[in-house]
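To keep things clear, I will list the structure first and then write my remarks on it.
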Amino acid sequence: MKKDSYKIVGGNKLFGEVDVQTSKNGTLPLLSACLLTSQQVVINNFPQITDVFNMLKILKKLKIKTKVKGNSLLLNPINARNIKIGCKLAKTMRSSIFFLGAMLARFKQCTIAMPGGCNIGARPIDIHIKALKRLKVRVGRSGNYLKFDATNAVAGRIKLKLPSVGATENIIQFACLLPGITTIINAAKEPEVVELCNFLNQMGAKIEGAGTGVITICGVSFLNGIQYKPSADRIVAGTLMLATAMCGGEVVIKNSNPEENKNLINKLLSIGCKIEINCDIIKITSNGELKNLTSICTGYYPDFPTDLQSMMLTACCVGCGKTIITENLFENRFLTTTELIKMGANIHQVNKNEVEVIGGKLFGAEVYAKDLRGGAALVLASLVAEGTTKVNNVHFIDRGYQQLDFVLRSLGANIRRI
Ligand code: EPZ
């Protein structure tokens, strides 16, 4: 049985250099997009995290040959078969919804169990469904399954009611092989969408406007195979910057694009960190005493990312003064506050999407991760808490972080898996 806890003794400053792992949310859609070709796809330096390994289980069920060769993932979709994506698989992997667009492009039909919500929210897929219907995809429901039929689909113009990352990525994958021009208005601008478009264009797709709110896809008849190295994980880079800000010290973060963390970097500068940027190298220096930040509001890119909200909240727990934190994307993304309060945090929930934090001291305790990013936040809290903390349910953290304990230990943190 894999050890599922971290034992962390707080108080160490962080010093050193770190290469940021490859992006989880940048890689996952590429794994479904391999269905859009019959040739081999190689993903170099892929992130060795459980969300990727679970996604490979779905690929295998689709009869896509997968092979790990060192740091590379070899995918051979030539004999891909359409299968019903059942409840168990859909529940294990919310990202199974990312297969929808690619499966419809490849097979024209797809049956997928309604992907359940997760601990941070209901995670509806109404925007995905409305957009596909706009392209004349027929959507039926039988029990807990949705049946999609794209036999008579046509290219067209879609306006998303909000810039959903997953919906944007699904439509892009579906429209790549759909004759005609499909336009997505109010498209998501996240770097992961840009990554997917770069990947597909290198395979021969014709996509314009990636990173803007209007993306056009001109359908082509086939896509070629590709060798591709996805970019660094901006949320992991942000995690390491926040860890350094809170612990104090000096850390050089390599191979991550500072532009993708501009909002966070501006906030870290405002609370007293020194940050030097040189191409894809970020050097952050901190004395560990953080000035007050009056408010944080999460939003769609390039606003402050919801995936860093729990960790920023934790930084405010050891900062000074009062901070109001507003979570605008997910309805249940303050789950970790109960665990931080066990460590002495002064947090008051104002309403379902707003909390008030008063800076102070944290003390070691036994706490439980309840979601991926909340789990990372508990690790950061433990690094600065007085005494020893045991963080349980580390399997949540493994979903998105490749050996987080190893990376932090290499920077001087007193953390080990038990
Ligand atoms: C992606 O989720 C990421 N996951 C999330 O990261 C990230 O938090 C989120 O984008 C926002 O940036 C992956 O890329 C695998 P959305 P996604 O559709 O696509 C609502 C992590 O920690 N919505 O942009 O599911 C939805 O409820 C994860 O790595 C609808 O209402 O996010 C939410 O309020 C967590 N109807 C908002 O849109 C829909 O049909 C944003 O969701 C779809 C979404």
Side-chain angles (χ1 to χ4, degrees), residues 23-26 28-29 49-51 54-55 85 87-101 112-131 144 146 160-171 186-190 192-193 233-235 238-239 263 296-301 303-314 324-341 347-357 368-378 393 395-401:
S23 172
K24 164 176 99 77
N25 294 346
L28 292 176
I49 52 178
T50 46
D51 266 15
N54 281 334
M55 197 85 156
I85 297 200
C87 301
K88 194 163 169 289
L89 217 43
K91 288 225 177 322
T92 332
M93 272 309 298
R94 265 204 46 73
S95 320
S96 56
I97 191 66
F98 286 111
F99 278 93
L100 185 53
I112 190 162
M114 283 294 285
C118 67
N119 23 29
I120 63 172
R123 311 296 290 275
I125 58 167
D126 56 311
I127 299 174
H128 299 245
I129 292 171
K130 188 162 179 270
N144 200 24
L146 285 168
L160 301 181
K161 83 173 176 189
L162 52 84
S164 156
V165 171
T168 302
E169 292 173 342
N170 255 331
I171 297 306
N186 199 23
K189 302 174 184 171
E190 272 70 2
E192 293 76 32
V193 174
D233 193 308
R234 62 188 170 103
I235 303 301
T239 303
N263 198 302
I296 294 273
C297 260
T298 64
Y300 298 103
Y301 193 82
D303 290 348
F304 190 83
T306 174
D307 292 351
L308 286 175
Q309 178 261 99
S310 307
M311 292 172 250
M312 193 76 222
L313 184 156
T314 304
I324 299 287
I325 293 161
T326 309
E327 170 54 57
N328 291 312
L329 269 76
F330 291 108
E331 65 272 26
N332 199 25
R333 210 160 197 182
F334 290 127
L335 277 176
T336 308
T337 53
T338 55
E339 303 308 295
L340 290 166
I341 289 166
I347 303 171
H348 164 62
Q349 183 126 14
V350 178
N351 57 48
K352 77 173 181 54
N353 70 337
E354 197 169 278
V355 296
E356 179 187 276
V357 177
Y368 292 80
K370 296 180 179 171
D371 65 72
L372 162 55
R373 306 301 175 183
L378 291 174
N393 295 341
H395 60 273
F396 279 114
I397 301 172
D398 293 338
R399 284 191 46 213
Y401 290 85

Is there a salt bridge (Lys or Arg N to Asp or Glu O under 4.0 Å) between D51 and R399 once you walk through the steps? CA-CA 5 Å; D51 266 15; R399 284 191 46 213; 2.8 Å; yes
Please check this pair: side chain of T168 against backbone of A188, looking for a donor-acceptor N/O pair closer than 3.5 Å. yes
Would you mind reporting whether Y301 and V193 have side-chain heavy atoms less than 4.5 Å apart? no
Is R333 salt-bridged to D307, cutoff N-O under 4.0 Å? yes
Determine whether R234 and E190 make a side-chain contact, defined as any pair of heavy atoms from C-beta on separated by less than 4.5 Å. yes
Do any N or O atoms from the side chain of T50 and from the backbone of D398 form a donor-acceptor pair under 3.5 angstrom? yes
In the structure I gave you, are the side-chain heavy atoms of L372 and K24 within less than 4.5 Å of one another anywhere? yes
K130 atom NZ, neighbour heavy-atom count above 12 within 6.0 Å: no
Side-chain donor or acceptor of N263 paired with backbone N/O of P305 under 3.5 Å: no
Donor-acceptor pair, side chain of N332 and main chain of N119, under 3.5 angstrom: yes
Going by heavy atoms in the side chains, are Y300 and L162 under 4.5 Å from each other? yes
Listed partners of E356 passing salt bridge (Lys or Arg N to Asp or Glu O under 4.0 Å), at least two apart: K322
Tell me if a side-chain donor or acceptor on E327 pairs with a main-chain N or O of L329 at a distance below 3.5 Å. yes
Donor-acceptor under 3.5 Å (N328 side chain, G299 main chain): no
Are the side chain of N353 and the backbone N or O of T326 linked by a donor-acceptor pair below 3.5 Å? no
Is any side-chain heavy atom of T239 closer than 4.5 Å to one of L308? yes
Please examine the side chains of E339 and Y368, heavy atoms only from C-beta on, and report whether any two atoms are closer than 4.5 Å. yes
Any L313 side-chain heavy atom under 4.5 Å of L340 side chain: yes
Can you tell if the side chain of F330 reaches within under 4.5 Å of the side chain of R123, non-hydrogen atoms only? yes
